[in-house]
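Worksheet for the structure shown next.
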Amino acid sequence: MSTPHFDRIALIGIGLIGSSIARDVRELSLAGEVVISSRSAETLRRAEELELGNRYTASAAEAVRDADLVIVSVPVGASEEVAKQIAGNLKPGAIVTDVGSTKASVIAQMAPHMPENVHFIPGHPLAGTEKSGPDAGFTGLFRDRWCIFTPLPGTDQAALDKLKAFWMALGSLIDEMDAQHHDKVLAIVSHLPHIIAYNIVGTADDLETVTESEVIKYSASGFRDFTRLAASDPTMWRDVCLHNKDAILEMLARFSEDLAYLQRAIRWGEGDKLFELFTRTRAIRRSIVQAGQDVDAPDFGRHALDQKK
Ligand code: NAP
């Protein structure tokens, strides 16, 4: 696939994800012009200081005018509002995509507002950190990470291929599935781990018998790895929970059952059951490292990631 080039790209939302896309587009010269929109003057000013685009406007409607590619990177709960704002100004033939962590809800919010003559192709890059805002982005965030598309029936193949080529230029590995399946998969690989992390850190914060300074002092024993996830953006994760409710509740039910099994094994001193589970899970970690989705370092590769920025 040849490297795609767009005359004008509009980035609606310029936080961690939007600004990482902007940095890659700039570095790889994937667009003639990049127009950036964010709702707050502060974020917009910061994007300009970082020279993430060529033009800056608080109006999403203004930003998408004449754009060939529009990428919406806002919390999933804001998708409908943005769709309504941009719908009337989209260029015929434009590709409109998003990066939201839930897909069925984003489609339900955006698709009804999209004009017939644009190509609306929902997407989700499975890459990120716990940081937010335009300063948090960096070039190469999407390299060797999956980007999943959940195209609607009847999607124009040429438009889909062009969008895939764009993400491949950013270094992404490409996959395609339906939105419901995406939401189930993400519920287990991303949403549940974040909810568990928020919960465990919340529990530690509520303990009366262990002091906060002890939790922090001894955190390298395991707690620390949960705190990274639990430091993720509250708005984004509130929206993910509210917009992937069914799949998350289904996975939480399974999780609770399995936790009860573990609880029982501990209570009854069933070491063989514990050992069998811990051996199985250790193998999964090895597979993740072998698949190139993390490095085999004691800090889960976070140090290496920080150095990349
Ligand atoms: P972020 O750093 O917090 O940036 C959010 C952007 O959206 C900012 O430009 C913000 O504008 C704008 N925004 C916030 N609330 C809005 C609203 N109600 N209406 C319109 N614009 C609004 O977020 P992010 O991490 O880039 O996440 C963006 C999207 O990517 C989310 O849908 C998330 O699910 C998805 N995603 C995130 C990750 C991750 O690890 N973070 C990974 C993959 C996908 P102001 O700053 O001007 O208010």
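All values below come from the heavy atoms of this structure, side chains included, with hydrogens, waters and symmetry mates left out. Read the numbers this way: they start at 1 and go in the same order the structure lists the ligands and their atoms.
- Not a single heavy atom of Leu126 sits closer than 4.0 Å to an atom of ligand 1.
- Proximity of Thr235 to ligand 1, defined as any heavy-atom pair under 4.0 Å, is not found for any part of the residue.
- We find that Lys273 and Glu276 are not joined by a salt bridge, their nearest charged nitrogen and carboxylate oxygen being 4.0 Å or further apart.
- With salt bridges taken as basic N to acidic carboxylate O contacts below 4.0 Å, none links Lys103 and Asp178.
- For ligand 1 and His124, the ligand atoms under 4.0 Å from any heavy atom of the residue are 43 (C), 44 (C).
- Within the listing of ligand 1, atoms 17 (C), 18 (N), 19 (N) sit less than 4.0 angstrom from a heavy atom of Ala78.
- Considering backbone and side-chain N/O of Gly13, none are found under 3.5 Å from N/O of ligand 1.
- Considering backbone and side-chain N/O of Ser40, one or more are found under 3.5 Å from N/O of ligand 1.
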Asp183/Thr150 under side chain to side chain contact (heavy atoms under 4.5 Å, CB included): CA gap, chis, key distance, verdict: CA-CA 10 Å; Asp183 288 356; Thr150 60; over 6 Å; no
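- Taking 4.0 Å as the cut-off, Glu42 does not count as a neighbour of ligand 1 on heavy-atom distance.
- The existence of a salt bridge linking Glu176 and Lys164 is confirmed by a sub-4.0 Å separation between a basic side-chain nitrogen and an acidic carboxylate oxygen.
- Looking at heavy atoms from C-beta onward, Asp205 lies out of side-chain contact with Val215 at the 4.5 angstrom threshold.
- For Thr57 and Ser59, the side-chain atoms include no donor-acceptor pair closer than 3.5 Å.
- Considering backbone and side-chain atoms alike, Leu16 places an N or O below 3.5 Å from some N or O of ligand 1.
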side-chain hydrogen bond (donor to acceptor under 3.5 Å, both in side chains) evaluation trace for Ser287 with Gln290: CA-CA 5 Å; Ser287 315; Gln290 273 162 14; 5.1 Å; no
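- In this structure, Trp237 and His194 have parallel ring planes: the angle between them is below the 30° cut-off, well short of the 60° mark.
- Inspection of the Thr281 and Arg285 side chains reveals no N or O donor paired with an N or O acceptor under 3.5 Å.
- Annotation: Ser132 places no N or O atom under 3.5 Å from an N or O atom of ligand 1; distance criterion only.
- Remark: distances from the non-hydrogen atoms of Met236 to ligand 1 include one below 4.0 Å.
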Derivation and outcome, side chain to side chain contact (heavy atoms under 4.5 Å, CB included), residues Ser105 and Thr102: CA-CA 6 Å; Ser105 159; Thr102 71; 4.0 Å; yes
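- Of the listed options Asp135, Asp233, Val74, Val240, Val74 places a heavy atom closest to atom 32 (O) of ligand 1.
- Looking at Pro134 against ligand 1, nothing comes within 4.0 Å, counting heavy atoms.
- Using a cutoff of 4.0 Å between basic side-chain nitrogens and carboxylate oxygens, Arg254 and Glu250 are not scored as salt-bridged.
- Only the side chain of Thr43 comes within 4.0 Å of ligand 1, judged by heavy-atom distances.
- Residue nearest to atom 7 (O) of ligand 1, selected from Ser79, Ser19, Pro75, Gly15: Pro75 (by heavy-atom distance).
- Checked by distance only, ligand 1 and Gly18 stay at 3.5 Å or farther apart across all their nitrogen or oxygen atoms.
- The closest approach between Ala127 and ligand 1 falls below 4.0 Å for a heavy atom of the residue.
- Atoms of ligand 1 lying under 4.0 Å from at least one heavy atom of Gly128, given by number and element, are 40 (O).
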